[in-house]
Amino acid sequence: MAKNLNCLISAGPTREWIDPVRFISNPSSGKMGYALAKEAKKRGFVVNLVTGPVSIKAVDGITVKQVETAEEMRIAMIENYDTADLVLMCAAVSDHRPKFKWHQKKKKIEFPKNIEMIPNEDILEQLGRKKKKFQTLVGFAAETENGAQNALMKLKKKNLDWIALNDVSNSSIGFNSDFNEITLFSSGGKIAKLAFSSKEELATQMFELILK
Ligand code: CTP
């Protein structure tokens, strides 16, 4: 049991607002992140979950911080990072946001043909730069092609201990499904294929591997 150890998890999508009634987001359901939070709790961790907007009920005994934008998620992750022993960055963070947010609803006839986008900070990369010896940092890679190659690049670039590769081109797994298939890569060169299973089962298997 991981008594007195802290686990920080992010889950779900972020929303980047264009005006008060429109935003840019992605189809992440938050199911994987919430399954990981439940598993961490079961194993005795003190769990902090930072979540984008999802329709899943929070788990008893877990501290939940609800956020919307990538910047709000970044601030919440940084706030809880220094005391976290294990960090699982499972959220599908929007890479970009509109440069301007209109404070009034844009009328149909005024709606711009192009929306200028600017990059959001990479939260995980920032956590990787601040990582201390006692911390284990785990990221996810959502890929539609060259999965292993891209996941390994992210593992290195973001200074991670593990990365979980998701094939998001297959709609029976990943994003909004109850099921998934994951390949885990460690910075030490380990590779583990976790076969098609429920997200709960995959969360159990991920914890077994990572805590070994
Ligand atoms: N991530 C993050 N902050 C961002 C973008 C991504 O923390 N602004 C994290 C995700 O939560 C995930 C990992 O980085 O754990 C990889 O995210 P992914 O979307 O697969 O890749 P990106 O780094 O955004 O790169 P690309 O979109 O080019 O594949």
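Just follow the structure's listing: the first ligand is 1, and inside any ligand the first atom is 1.
Panel note: side chain S10, backbone A91; a donor-acceptor pair is recorded below 3.5 Å. Looking only at distances, a side-chain donor or acceptor of N6 sits under 3.5 Å from a matching main-chain atom of T83.
At a cut-off of 3.5 Å, with distance as the only test, no side-chain donor of Q66 or T51 sits close to an acceptor on the other residue.
Identified under the side-chain hydrogen bond (donor to acceptor under 3.5 Å, both in side chains) test for residues 88-99, with sequence neighbours left out: T14-S94, R97-N120.
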Could you list, one pair per line, each nitrogen or oxygen of ligand 1 together with any protein nitrogen or oxygen closer than 3.5 Å, giving atom names and the distance rounded to 0.1 Å?
unit_1   : atom_1 : unit_2 : atom_2 : d
ligand 1 : 3 (N)  : I123   : N      : 3.0
ligand 1 : 7 (O)  : I123   : N      : 3.4
ligand 1 : 7 (O)  : L124   : N      : 2.8
ligand 1 : 8 (N)  : E121   : O      : 3.0
ligand 1 : 11 (O) : A91    : O      : 2.7
ligand 1 : 14 (O) : K158   : NZ     : 2.9
ligand 1 : 15 (O) : M89    : O      : 2.8
ligand 1 : 15 (O) : F140   : N      : 3.0
ligand 1 : 15 (O) : F140   : O      : 3.2
ligand 1 : 20 (O) : A142   : N      : 2.9
ligand 1 : 20 (O) : K154   : NZ     : 2.8
ligand 1 : 21 (O) : K154   : NZ     : 2.9
ligand 1 : 23 (O) : K158   : NZ     : 2.5
ligand 1 : 24 (O) : D95    : OD1    : 2.9
ligand 1 : 24 (O) : D95    : OD2    : 3.3
ligand 1 : 27 (O) : D95    : OD2    : 3.1
ligand 1 : 29 (O) : K154   : NZ     : 2.8

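Considering CD of E121 and CD1 of I78, their distance stands at 8.0 Å, rounded to 0.5 Å.
Residue E125 forms a salt bridge (Lys or Arg N to Asp or Glu O under 4.0 Å) with just one option from K154, K157, K158, and that option is K157.
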